[in-house]
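Note: hydrogens, waters and symmetry copies are ignored here, and every other heavy atom, side chains too, is used. Each residue takes its place number in the sequence, starting with 1. Note that ligands are numbered from 1 as they come in the structure, with each ligand's atoms numbered from 1 the same way.
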Amino acid sequence: MSEGEMADSIKHVGIVGAGQMGSGIAHVSALAGYGVTLYDIAEDRTSAGRDKIAATLDRQLASQKITEADRDAAMARIATTTDTAALGTADLVIEAATEDETVKRKIYREICPHLAPGAILATNTSSISITRLASATDRPERFMGIHFMNPVPVMKLVELVRGIATEDATFESARHYVTALDKTISVSEDFPAFIVNRILLPMINEAIYVLYEGVGSVESIDTAMKLGANHPMGPLQLADFIGLDTCLSIMQVLHDGLADSKYRPCPLLVKYVEAGWLGRKAGRGFYDYRGETPVPTR
Ligand SMILES: CC(=O)CC(=O)SCCNC(=O)CCNC(=O)[C@H](O)C(C)(C)COP(=O)(O)OP(=O)(O)OC[C@H]1O[C@@H](n2cnc3c(N)ncnc32)[C@H](O)[C@@H]1OP(=O)(O)O
Ligand SMILES: NC(=O)C1=CN([C@@H]2O[C@H](COP(=O)(O)OP(=O)(O)OC[C@H]3O[C@@H](n4cnc5c(N)ncnc54)[C@H](OP(=O)(O)O)[C@@H]3O)[C@@H](O)[C@H]2O)C=CC1
C-alpha cells in the first residue's frame with residue numbers, strides 16, 4: 001500500500017468513552033461520512049451519548065448548518081456498544097475515557113486484543129504523556145494523541161501529538177482523518193498538557209486561586225475575563241464546562257511532569273472535586289445548574 005492509500009485507509013472509527021468528548025468525536029466523524037462504533041462500559045452512558053448527538057444534530061439542522069438528510073445519515077452511521085469486541089471493525093480507535101492514566105491503561109489492556117492488527121489507536125487525553133500511554137499498548141508505532149477541543153462540533157482546532165515510537169504513516173493517517181473533519185491541526189511535542197492546556201489550565205487554576213483568596217466572587221471573576229479580555233466564557237464557567245475532575249487531573253499532570261510549584265492545583269479546586277461538584281456534567285461546580293439559570297456557588 002502506498003503512503004497515500006495508507007493515509008486514506010480509515011473508513012470506520014471506534015470511540016471509547018461516550019462522555020462529552022467521545023460523543024462529540026462520534027458526532028463529527030459520522031457527519032463526515034465515517035462509520036462509528038461508540039463504546040462505553042454501561043448502556044446508560046452509550047444511550048446518553050447517542051441522545052446528546054441527536055440533540056446537537058437537531059440544533060445544527062435548526063440553524064441550517066446541515067440538512068435533514070445529513071442528520072439522518074449521520075445517526076444511521078453510529079452504532080453504540082458495551083462490548084469491546086465490537087471495536088474490531090475499526091481502522092482507527094480513539095480513546096476518550098476519563099482523564100486518569102490508570103483507567104486509560106486498563107482500557108488499552110482490555111481492548112488491544114480485540115483490535116484489527118493494523119488499526120491505529122489514538123488518545124484524546126488532555127495532558128498525559130503519549131509515549132507513556134503508548135507503552136501500555138501492543139502498538140506504540142500505531143499510537144498517538146488526537147486531541148479535540150470541547151465542544152467538538154464547534155471548535156476548529158485538533159492537536160496532533162506523536163509519541164516517541166509513532167510512525168510517520170500513523171501520523172499521516174491521523175492528519176488525513178482530521179482534515180476530512182474540516183478541523184485545523186496544530187502539532188505539539190509530547191510534553192505535559194501539550195500546547196492549549198499548558199497555557200489554558202494555569203489561567204483557569206489562577207482564576208480559582210483568585211476566588212480562593214477572596215479577590216473576587218465567581219460572578220466578578222467571570223465577568224472580568226469575559227468583558228475585560230473578551231473571552232467567550234469566564235474561566236470558572238469554562239472550568240465547569242470542561243469538568244473540574246478533568247481540570248484537576250491536567251493540573252496534577254503539569255505539576256508532576258514539570259516539577260514547578262507554579263502548577264500547584266488550587267486547594268479549592270481539589271475541594272470541589274472531592275465534593276463531587278464536577279461542573280456542568282454533575283449539575284454543580286462553580287455554578288449550580290439545577291435550576292433554570294446557573295447560580296454561583298460562592
Ligand atoms: C480541556 C481540553 O483538553 C481542551 C479544551 O477543550 S479546552 C476548552 C476549549 N473550549 C472553549 O474554550 C470554549 C469557549 N466557549 C465558546 O467558545 C462558546 O461559549 C461556545 C462555542 C461553547 C458557545 O458559544 P455561544 O455563542 O456562547 O453560545 P451559542 O450561541 O449557544 O452557541 C454557538 C454555537 O455553538 C453551538 N454549541 C454551543 N454549545 C454546544 C455544545 N456543547 N455542543 C455542540 N454545539 C454547541 C450552538 O449550537 C451554536 O451553533 P449555531 O451557531 O449553529 O446555532
Ligand atoms: N472535557 C473537556 O473539555 C475535554 C476533555 N478531553 C479529554 O477527553 C477525555 C474524556 O473527557 P470527557 O469526555 O470530558 O469526560 P466525561 O467524564 O464526560 O466522559 C468520560 C467517559 O468515559 C467513561 N469511562 C470511564 N471508564 C471507562 C472505561 N473503562 N471504558 C470505557 N469508558 C469509560 C465514563 O464513564 P463513567 O462516567 O461511568 O465513569 C464517561 O462516560 C479525557 O481524557 C479528557 O481529558 C479533551 C479535550 C477537552
Side-chain angles (χ1 to χ4, degrees), residues 14-28 31 38-49 52-66 80-84 87 93-111 122-128 130 133 145-159 161 186 188 193-201 203-204 222 225-226 230-235 237-254 273 276 278-282:
I15 295 160
V16 177
Q20 34 182 359
M21 295 307 291
S23 61
I25 298 165
H27 176 134
V28 296
L31 257 189
L38 180 59
Y39 163 84
D40 206 308
I41 24 183
E43 228 160 73
D44 60 332
R45 295 287 182 218
T46 55
S47 59
K52 186 170 172 229
I53 296 168
T56 310
L57 284 168
D58 281 342
R59 252 164 96 172
Q60 290 179 314
L61 177 62
S63 59
Q64 298 180 330
K65 293 228 160 53
I66 60 169
T80 56
T81 185
T82 53
D83 177 7
T84 41
L87 296 167
V93 173
I94 303 175
E95 170 273 308
T98 312
E99 187 72 347
D100 177 325
E101 188 165 337
T102 311
V103 169
K104 290 185 189 294
R105 283 177 170 270
K106 182 167 173 279
I107 288 172
Y108 303 152
R109 268 200 308 279
E110 281 167 11
I111 66 170
T123 175
N124 188 51
T125 180
S126 296
S127 60
I128 302 167
I130 302 303
L133 289 177
I146 303 182
H147 181 214
F148 289 83
M149 304 295 135
N150 187 14
V152 182
V154 179
M155 303 297 281
K156 283 298 283 183
L157 190 82
V158 175
E159 287 183 311
V161 191
S186 168
S188 171
F194 320 122
I195 297 172
V196 171
N197 289 331
R198 170 84 178 260
I199 298 168
L200 182 65
L201 263 293
M203 191 270 292
I204 288 175
D222 277 349
M225 292 307 285
K226 272 194 288 191
N230 247 2
H231 290 192
M233 287 176 167
Q237 190 189 1
L238 182 56
D240 275 359
F241 183 62
I242 292 169
L244 301 189
D245 51 343
T246 304
C247 290
L248 178 58
S249 294
I250 298 169
M251 287 312 298
Q252 281 163 340
V253 168
L254 280 167
V273 172
L278 304 183
R280 278 244 282 250
K281 65 184 172 187

The test is side-chain contact (heavy atoms from CB on, under 4.5 Å); show your working for I204 and I242 and say whether it passes. CA-CA 11 Å; I204 288 175; I242 292 169; 3.9 Å; yes
With side-chain contact (heavy atoms from CB on, under 4.5 Å) as the test, would you mind laying out the steps for M155 and N150 before giving the verdict? CA-CA 7 Å; M155 303 297 281; N150 187 14; 5.8 Å; no
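- Protein heavy atom closest to atom 47 (C) of ligand 1, with residue, atom name and distance, is R59 NH2, 3.1 Å.
- Nearest to atom 42 (N) of ligand 1 by heavy-atom distance, out of A239, P235, S63, P151, is P151.
- For the pair Q60 and ligand 1, no heavy-atom separation below 4.0 Å is found.
- N197 contributes a side-chain N or O that, together with a main-chain N or O of S126, makes up a donor-acceptor pair within less than 3.5 Å.
- The protein reaches atom 6 (O) of ligand 1 closely, with a heavy atom under 4.0 angstrom from it.
- For atom 26 (O) of ligand 1, the nearest protein heavy atom is 4.0 Å or more away.
- Within the 4.5 Å cutoff, the side chain of D245 has heavy atoms near those of the K281 side chain.
- Counting heavy atoms only, A97 comes closest to atom 22 (O) of ligand 2 of the residues G24, G279, A97.
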Hey, mind stepping through K226 and Q237 against side-chain contact (heavy atoms from CB on, under 4.5 Å) and telling me if it holds? CA-CA 10 Å; K226 272 194 288 191; Q237 190 189 1; 3.7 Å; yes
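- At a 4.0 Å cut-off, at least one heavy atom of H147 sits close enough to ligand 1 to count as contact.
- The presence of a protein heavy atom under 4.0 Å from atom 34 (C) of ligand 1 is ruled out.
- Using a 4.0 angstrom heavy-atom cutoff, Y39 counts as in contact with ligand 2.
- When heavy-atom distances to ligand 2 are checked against a 4.0 Å cut-off, F148 comes that close only through its backbone atoms N, CA, C and O.
- Of all protein heavy atoms, the one closest to atom 41 (O) of ligand 2 is D40 OD2, 2.8 Å.
- Interface atoms of ligand 1 facing M149, defined by a heavy-atom separation under 4.0 Å, are 4 (C), 5 (C), 6 (O).
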Just do the side-chain contact (heavy atoms from CB on, under 4.5 Å) check on T80 and S47 with the steps written out, would you? CA-CA 8 Å; T80 56; S47 59; over 6 Å; no
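- Checking side-chain atoms of N124 against main-chain N and O of F148 turns up a donor-acceptor pair under 3.5 Å.
- Summarising the geometry, atom CE belonging to M149 is positioned 4.0 Å from atom CD belonging to E159; distances are rounded to the nearest 0.5 Å.
- With respect to atom 15 (O) of ligand 2, the closest heavy atom belonging to the protein is K281 NZ, 4.0 Å.
- Taking atom 8 (O) of ligand 2 as the reference point, the nearest protein heavy-atom neighbour is N124 ND2, 3.0 Å.
- In this structure a side-chain-to-backbone donor-acceptor pair under 3.5 Å is present from T123 to T125.
- With respect to atom 52 (O) of ligand 1, the closest heavy atom belonging to the protein is K65 NZ, 2.8 Å.
- Within the 4.0 Å heavy-atom cutoff, K104 counts among the residues contacting ligand 2.
- Residue contacts with ligand 1: S126 is placed with a nitrogen or oxygen under 3.5 Å of a nitrogen or oxygen of the ligand (distance criterion only).
- Distances below 4.0 Å separate heavy atoms of N197 from the following atoms of ligand 1: 1 (C), 2 (C), 3 (O), 4 (C).
- More than 12 heavy atoms of other residues, nucleotides or ligands sit less than 6.0 Å from atom CD of E110.
- Checking side-chain atoms of E95 against main-chain N and O of Y108 turns up no donor-acceptor pair under 3.5 Å.
- A42 does not count as a contact of ligand 2, since none of its heavy atoms falls under 4.0 Å from the ligand.
- The structure places CD1 of I15 at 11.5 Å from NE2 of H27, a figure rounded to the nearest 0.5 Å.
- In terms of heavy-atom proximity, I250 sits nearest to A193 at CG2-CB, 4.0 Å.
- Of all atoms in ligand 1, numbered sequentially from 1 with element shown, those under 4.0 Å from a heavy atom of L200 are 7 (S).
- Residues L157 and V196 come closest through the heavy atom pair CD2-CG2, 3.6 Å.
- Less than 4.0 angstrom separates some heavy atom of T125 from each of these atoms of ligand 2: 43 (O).
- One finds the CZ atom of F241 at 4.5 Å from the CE atom of M233 (value rounded to the nearest 0.5 Å).
- Counting protein heavy atoms only, atom 38 (O) of ligand 2 is closest to R45 NE, 2.9 Å.
- Closer than 4.0 Å to atom 45 (N) of ligand 1 lies at least one heavy atom of the protein.
- Near T98, the atoms of ligand 2 lying under 4.0 angstrom from a non-hydrogen atom of the residue are 20 (C), 22 (O), 24 (N), 25 (C), 34 (C).
- S23 contributes no side-chain N or O that, together with a main-chain N or O of K52, makes up a donor-acceptor pair within less than 3.5 Å.
- The nearest protein atom to atom 18 (O) of ligand 2, hydrogens excluded, is given as Q20 N, 3.1 Å; this is a heavy-atom distance.
- Taking atom 9 (C) of ligand 1 as the reference point, the nearest protein heavy-atom neighbour is N150 O, 3.4 Å.
- With a 4.5 Å cut-off on side-chain heavy atoms, E99 and K104 count as touching.
- Within the 4.0 Å heavy-atom cutoff, H147 counts among the residues contacting ligand 2.
- In I107, the part holding a heavy atom less than 4.0 Å from any atom of ligand 2 is the side chain.
- For atom 45 (O) of ligand 2, the nearest protein heavy atom (residue, atom name, distance) is S126 OG, 2.6 Å.
- The shortest N or O to N or O distance between M21 and ligand 2 is under 3.5 Å.
- The shortest heavy-atom distance from T56 to ligand 1 is under 4.0 Å.
- Scanning M155, H231, Q64 for the heavy atom closest to atom 11 (C) of ligand 1 points to M155.
- Counting atoms of ligand 2 from 1 in the listed order, those under 4.0 Å from a heavy atom of T246 are 44 (C), 45 (O).
- Within the structure, the closest approach of L238 to ligand 1 falls below 4.0 Å when heavy atoms are considered.
- For atom 10 (C) of ligand 2, the nearest non-hydrogen atom of the protein is A96 O, 3.2 Å.
- In terms of protein heavy-atom proximity, atom 18 (C) of ligand 1 is nearest to P232 CB, 4.0 Å.
- For V103, every heavy-atom contact with ligand 2 shorter than 4.0 Å involves the side chain, none the backbone.
- Looking from atom 19 (O) of ligand 2 to the surrounding protein, the closest heavy atom is G19 CA, 3.3 Å.
- Remark: minimum distance from atom 20 (C) of ligand 1 to any protein heavy atom is reached at M233 CE, 4.7 Å.
- The I242 neighbourhood of ligand 1 comprises atoms 1 (C), 7 (S), with distances under 4.0 Å to a heavy atom of that residue.
- There is no protein heavy atom closer than 4.0 angstrom to atom 23 (C) of ligand 1.
- Nearest to atom 36 (C) of ligand 1 by heavy-atom distance, out of I66, L57, V154, is V154.
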